[in-house]
Protein chains: 2
Amino acid sequence: MHGRGMARDIQERIKKLIVDQRLPSGAPLPTETELMELFGVSRNSVREALKALQAMGIVEIRHGFGTYVGPMTMAPMIEGLIFRTVAGHYRGEDSLLQLLELREAVETGLVARLAGRIPEADLAELEALVARMEEEAAAGAVGADTDRAFHASLYRHLDNPLLSEVLEAFWDAFHRLRTDLVDVPQDPKVTCAQHRGILAAVRSGDAVRAESAVREHFGNIRDRLRPGHRP
Amino acid sequence: MHGRGMARDIQERIKKLIVDQRLPSGAPLPTETELMELFGVSRNSVREALKALQAMGIVEIRHGFGTYVGPMTMAPMIEGLIFRTVAGHYRGEDSLLQLLELREAVETGLVARLAGRIPEADLAELEALVARMEEEAAAGAVGADTDRAFHASLYRHLDNPLLSEVLEAFWDAFHRLRTDLVDVPQDPKVTCAQHRGILAAVRSGDAVRAESAVREHFGNIRDRLRPGHRP
DNA sequence: TAGCTCAGTTGGTTAGAGCAGCTGACTCTT
DNA sequence: AAGAGTCAGCTGCTCTAACCAACTGAGCTA
């Protein structure tokens with residue numbers, strides 16, 4: 001046992017195991033019994049280390065089946081971000097607004113770079129999504145999935161999986177918070193129009209217009225989040 | 001015990017405890033014994049839940065002292081991001097490059113918005129940092145802290161703590177990876193010149209120039225990361 | 001008063017036992 | 001022979017009980 005913290009130590013050793021053996025996501029890991037023999041520690045310590053790794057998405061545990069290398073997505077980050085925001089919200093901070101501004105800051109910067117560079121195939125996909133959105137708007141409210149898909153498709157062609165994942169993580173966090181924390185009223189038709197505006201701007205290749213279209217979209221949500229703006 | 005996973009259940013209950021009682025960071029939590037009595041579960045289960053929460057930065061455990069509400073920083077995200085990138089790197093992916101591009105994409109978008117809007121006090125601080133950087137460059141290599149401080153100061157006045165934290169988290173992750181994974185050779189003088197360029201552009205208020213200055217800075221690092229570019 | 005010591009509290013680790021979910025091979029029925 | 005049901009065996013999950021290790025603070029000593 002080294003420095004301070006046996007459980008910490010075991011976590012590092014398991015991580016090292018994954019890295020050294022180049023294990024891909026989904027690869028099976030040693031059983032708890034094997035790990036405790038391998039490291040010379042008790043079952044309990046092994047389990048505590050695994051739980052911590054599971055919380056970080058590094059490991060996936062399936063009851064009665066085995067332990068595997070985790071998907072290593074941004075899911076844990078979402079959880080952390082959500083909790084942090086919820087806690088801040090109930091303590092009177094404007095944490096939800098901060099999260100929205102974070103998304104706004106990042107997405108406005110990115111969309112400017114995308115303007116005019118999206119291939120026709122993807123534009124058609126976005127077109128279809130806006131159409132679906134308008135359909136749903138007429139029927140009542142825009143489905144969350146549709147909005148998510150629009151944003152995902154928009155930034156997909158940046159060709160950086162990590163970047164896309166981070167953006168989707170922010171979207172997911174904000175979405176879950178918006179529904180759990182405060183039910184922000186939305187006008188479906190306005191939402192549709194704004195998405196159509198973003199698409200049109202991106203298609204036209206006008207970076208400035210694209211940026212302001214996205215900003216307008218976020219501004220719409222932001223206004224409804226600000227205190228004293230809920231009728 | 002509800003759905004699936006007792007430990008998961010306890011995690012949620014502890015989270016609820018923190019949220020419902022509006023506990024701020026650093027506030028003391030019940031002891032392990034109290035928690036096991038409170039929830040009617042064994043100490044083991046409590047500990048596993050706490051370990052998971054600790055991994056997410058929601059809880060802080062101090063041996064022989066007690067358990068406290070964690071700092072809720074982005075530190076766990078950094079850990080996850082680092083591991084993910086390391087694992088990908090050793091499996092032949094360009095995960096490190098993706099992380100750099102993520103920083104580049106976000107920072108170029110933000111700096112454009114900052115140009116000409118930074119108060120003189122902050123500009124002086126940045127000036128001092130560049131001066132220190134040049135001092136260090138003359139003496140050998142630029143200290144990591146100085147570079148970190150420059151980027152942190154640059155984006156501080158965006159006035160969104162969450163955004164600043166995320167940016168610093170990305171910086172930290174990349175820095176640790178650059179030193180641990182591949183030792184990227186750097187010309188200290190070029191680095192200094194590029195930072196000075198960014199500062200000058202931001203001061204001038206020219207958004208386009210600021211953006212390209214940041215892009216050039218990242219481009220410098222990116223080139224040295226690409227395969228076959230290490231002499 | 002300054003410093004030390006020690007008892008009490010809290011988390012850390014171990015051990016062993018039994019419970020619970022899943023898989024796959026075996027058996028029984030059709 | 002083909003299908004469905006059963007059960008043995010793995011796996012992870014939870015509990016209990018005991019002891020180890022780190023820290024605090026009250027009380028003792030010099």
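Scope of the values below: all heavy atoms of this structure, side chains included, with no hydrogens, waters or symmetry mates. Reminder, nothing fancy here: chain letters follow the sequence lines and each chain counts from 1.
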Whole Å only: how far is the CD atom of B/Glu32 from the P atom of D/dA17?
17 Å
Using a 4.0 Å cut-off on heavy atoms, which residues in residues 36-47 of chain A reach DNA chain D? List them by number, or say none.
A/Arg43, A/Arg47
May I have the distance from A/Arg8 (atom CZ) to D/dA21 (atom P), rounded to whole angstrom?
21 Å
Side-chain (A/Ser95) to main-chain (A/His89) donor-acceptor, under 3.5 angstrom:
yes
Which nucleotide sits closest to the side chain of B/Glu48: D/dT14, C/dG12, C/dA20?
D/dT14
A/Gln11 CD to C/dT13 P: how many Å, rounded?
11 Å
When you check the side-chain N and O atoms of A/Glu48 and A/Asn44, is any donor under 3.5 Å from an acceptor?
no
In whole angstrom, give the distance that lies between atom NE2 of A/His63 and atom C1' of C/dT23.
13 Å
Indicate yes or no: does B/Lys15 engage A/Glu79 in a salt bridge with an N to O separation below 4.0 Å.
yes
What pair of heavy atoms forms the shortest contact from A/Leu154 to A/Leu114, and how long is it?
O-CD1, 3.2 Å
When you measure from the side chain of A/Asn160 to the backbone of A/Leu163, do you find a donor-acceptor pair of N or O atoms at a distance under 3.5 Å?
yes
In this structure, how many angstroms lie between the C1' atom of D/dG12 and the CG atom of A/Leu35, rounded?
12 Å
Tell me the interatomic distance from A/Ile61, atom CD1, to D/dC13, atom C1', rounded to whole angstroms.
10 Å
Whole angstrom value for the distance that separates C1' of C/dT13 from CE of A/Met6
7 Å
Does the ring center of A/His151 lie less than 6.0 Å from the ring center of A/His217?
yes
What is the distance, to the nearest angstrom, from the CD atom on B/Glu60 to the C1' atom on D/dA22?
15 Å
Looking only at the side chains, is there a donor atom on one of B/Glu107 and B/Tyr155 sitting less than 3.5 Å from an acceptor on the other?
yes
Taking the minimum atom-to-atom distance to the side chain of A/Phe65, which one of C/dG21, C/dC22, C/dG12 wins?
C/dC22
Give a yes/no answer on whether the side chain of B/Thr67 brings an N or O atom under 4.0 Å of OP1 or OP2 in C/dG11.
yes
